[in-house]
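Because the structure is predicted, anything quoted here is derived from the model rather than measured. Letters go in sequence order (proteins before strands), and every chain restarts at 1.
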Amino acid sequence: MTATGFSGGVRLVAGRAIAEAWASRSWRIITGVSVLIGIALVVVPRLLGGGTTQYTLATVGEAPPGLLAALQAAGEAGEFAVTVRTVPDAAAAEALLRDGDADAALTGVAPGSTLYVAERADRTFPALVSQAALSLAITDQLAQAGLSPDEIAAIQATPPPVQVPVGRVADEGRAGVGFVSGILLYLALILTGTAIATAVATEKSSRISEVLLTALRPTQLLVGTVLGVGLLGLAQIAAIAVPAAIGLAAGGGIDLPASTTGDILLALAWFVLGLGMYAFVFAALGALVDKPTEVGAATMPANLVLVASYMFAVIVTIQDPNGWASTAASIFPVSAPLVMPIRWASGLVPPWQLVLAMALVAITAVALALVASRIYARGLTRTGRRITLREVLAG
Amino acid sequence: MVLEARGLTHRFGDRTALAGVDLAVRPGVLTGLLGPNGAGKTTLMRVLLGILEPDEGEVRTDGRPVAFSDRQRWGYMPQERGLYPAMTAGAQLTYFARVHGLDRTTAQARARTLLAELGLGDRFDQKVEQLSGGMQQRLQLGTALVHDPDVIVLDEPFAGLDPVAVEELTVTLRARVAAGRTVLLSSHQLDLVQDLCEEIVMVDHGRTVLAGPVAELRASSGRRQLRLGIPGHDGRDWLAAFPGVVVVDEAVDALRLSLPAEVDALAVLDAARRTAPVVDFGLDLPTLSQLFLAAVEDGATADSVAPPAAALGTEVRS
């Protein structure tokens with residue numbers, strides 16, 4: 001029996017690929033940049049959108065105490081803070097608005113008073129000021145009508161209608177993370193697949209594969225290469241995903257549901273599954289070429305499938321995650337690795353569909369690996385020119 | 001161990017690369033696989049190494065079919081060279097040794113020893129891409145030898161080597177042969193290996209056209225020429241005793257004779273000395289290129305009129 005068993009040979013081949021990458025400076029730099037991207041994905045939105053918005057309200061004369069309290073209460077719920085500036089008259093208030101130093105200006109809360117609104121300001125804040133002023137005016141009038149403070153408080157405590165958000169997705173933020181995961185998944189699959197095809201083509205054209213094939217079986221070389229380069233790809237996408245997932249799980253600042261961290265980890269699982277399915281195809285296509293420069297042309301069919309799946313996901317699935325087309329594409333194994341993660345992030349997918357899609361991809365991966373290893377073994381030993389799939393399968 | 005091939009046939013689609021090749025390589029005898037470009041040498045080596053499956057025939061060692069695990073103890077250097085450019089020389093050799101089944105410690109030790117033997121002792125930690133072309137050639141040879149294989153198969157090892165490198169490679173290979181390893185190397189430069197290999201196998205168009213010990217093949221061929229320096233010789237009646245001997249060239253003081261395989265050159269020389277003083281003589285053996293061309297011509301005629309190839313003193317197996 002051979003001194004290196006099947007798994008021993010696979011480990012040697014995979015270990016060599018990983019050791020070579022690890023020794024290369026460019027790989028370490030790229031991985032380092034990936035970690036930074038992962039951290040930035042969490043930190044940057046927090047810096048940009050996570051801070052509270054500042055509104056400035058100008059009042060002619062002292063602001064009524066009730067008004068400020070009402071606005072501050074609204075600010076706590078709506079994540080904004082209010083600064084009040086006192087101006088002597090309406091003209092001064094208008095000047096402040098014109099200079100962009102205030103978002104709104106109020107001449108008073110009594111009926112007949114005016115609310116100046118900066119043209120550029122968003123309409124939420126003036127509406128809130130207006131509502132607060134109106135509320136104060138009503139309170140005044142209720143008191144004048146003879147109601148006791150308790151009665152007034154009871155009236156004011158009337159709850160507003162309960163808001164129930166209804167959208168195409170359960171949570172826009174979560175769907176957004178799904179979208180970003182989709183981009184990264186797509187890029188990682190294409191790049192890792194191409195890296196595998198290039199590794200195979202390089203070993204073939206340098207005839208290293210021939211030397212290895214005297215001592216290793218083609219399957220050992222194939223699985224070892226896929227495993228080695230695949231793990232490098234996984235390390236790279238994990239370098240982005242893990243800091244992002246940890247950052248989100250640590251929470252605070254960004255308004256995202258807890259399930260988002262799970263979605264990111266699920267995207268990692270989809271990378272492993274998707275790569276398991278596509279990697280062997282890329283390896284087989286890489287074995288058809290004579291020179292590494294032909295890899296792009298040879299891997300075109302696999303790239304097209306990935307591009308088409310991704311385009312479908314971002315064009316159709318994002319718009320209509322639960323239409324029949326999206327549902328079918330997210331379960332059909334060839335497109336599932338790119339469509340299902342995006343669809344899943346809509347939060348409206350029954351879990352059994354996820355399980356079914358994953359199982360189908362796993363089964364397809366095994367079937368493709370068997371066919372691909374045949375093509376690979378034959379392709380590696382046909383040198384001199386680029387060969388076609390038909391030639392390999394016929395011979 | 002004896003490496004044998006019997007009736008190897010291999011076809012690429014409708015192109016026949018090997019049409020029934022026989023071959024025997026004995027341990028301790030440096031054997032050359034010769035033939036022009038496109039003769040099928042590389043395909044034959046790939047089949048021997050198990051990289052390609054033969055359509056017919058089989059590869060045997062020591063009288064039994066070769067198993068996959070046997071080839072772990074073989075070493076192969078393909079014609080087109082390639083190494084991992086970003087790996088160090090030491091890591092490279094260690095990797096190839098481990099692929100052939102050695103454990104890490106042994107593999108590293110072997111890599112160090114071999115690098116020293118190849119004159120690369122101080123390059124263990126240097127990346128391949130930083131080595132000179134000549135060093136890379138030696139390292140390439142190292143990948144075929146690092147696991148101390150029983151059978152060593154080298155495809156065109158002399159291609160692109162300068163005379164010094166040829167000499168170094170010869171020394172390295174002779175050491176393996178002397179240690180009882182089975183060594184087969186291919187070359188399309190027939191005359192380069194003439195003085196190097198003890199035995200040869202010549203192939204053309206996927207067939208064996210000539211095989212055997214070099215010295216014997218050359219000496220027993222019908223293409224020997226005897227050069228006789230006989231000042232002022234008169235007449236060549238004495239030659240009548242040797243039917244088949246042809247005068248190729250005749251000068252005032254010299255004769256050049258072509259000797260058929262069955263004629264003893266020394267007998268002709270003795271006969272000449274009995275008639276006149278011979279001041280100079282020499283037996284010119286044909287080069288391997290000449291033998292090859294003769295064998296190919298005979299093979300061509302053999303297909304039409306079938307003359308006995310053995311009459312020419314060449315062993316033809318096809």
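In terms of heavy-atom pairs under 4.5 Å with chain B, the best-connected choice from A:Leu380, A:Val211, A:Val13, A:Ile208 is A:Ile208. Chosen from B:Ala144, B:Gly50, B:Ala91, B:Ala86, the residue pairing most often with chain A at heavy-atom distances under 4.5 Å is B:Ala86.
With a 4.5 Å cut-off on non-hydrogen atoms, A:Glu20 touches chain B through its side chain but not through its backbone. Of the two parts of B:Arg71, the backbone and the side chain both hold a non-hydrogen atom closer than 4.5 Å to a non-hydrogen atom of chain A. Contacts between A:Thr214 and chain B at a heavy-atom distance below 4.5 Å involve backbone atoms as well as side-chain atoms. In this structure, chain A has a heavy atom under 4.5 Å from the side chain of B:Phe12, while its backbone stays farther away.
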- Show the numbers, then the answer: is there a side chain to side chain donor-acceptor pair (under 3.5 Å) between A:Gln236 and A:Thr31? CA-CA 6 Å; A:Gln236 220 116 58; A:Thr31 310; 2.8 Å; yes
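A 4.5 Å side-chain heavy-atom check between A:Pro337 and A:Leu185 finds every atom pair outside the cut-off. Contact of the B:Tyr76 side chain with the B:Ile51 side chain is registered, since non-hydrogen atoms from C-beta on lie closer than 4.5 Å. The shortest side-chain heavy-atom distance between A:Leu306 and A:Phe282 falls under the 4.5 Å cut-off. Considering only heavy atoms from C-beta on, B:Leu141 stays 4.5 Å or farther from B:Pro157 through its side chain. Side-chain contact between A:Arg16 and B:Met87 is present, with heavy atoms from C-beta onward closer than 4.5 Å. B:His188 has its side chain within reach of B:Lys41: a pair of non-hydrogen atoms, C-beta onward, lies under 4.5 Å apart. For the pair B:Leu93/B:Leu139, a side-chain contact is recorded, criterion being any heavy-atom separation below 4.5 Å from C-beta on. Counting heavy atoms from C-beta outward, B:Leu3 and B:Trp74 have side chains that approach closer than 4.5 Å.
Contact residues of residues 112-133 of chain B toward chain A are B:Lys127 (heavy-atom distance under 4.5 Å). When the heavy atoms of residues 25-39 of chain B are compared with those of chain A, none of the residues falls under 4.5 Å.
Residue B:Arg104 places its CZ atom among 12 or fewer non-hydrogen atoms of other residues, nucleotides or ligands, all under 6.0 Å distant.
Between B:Leu154 and the options B:Met77, B:Gln79, B:Gln140, a side-chain contact (heavy atoms from CB on, under 4.5 Å) holds for only B:Met77.
Side chains of B:Thr42 and B:Asp155: a donor on one and an acceptor on the other come within 3.5 Å.
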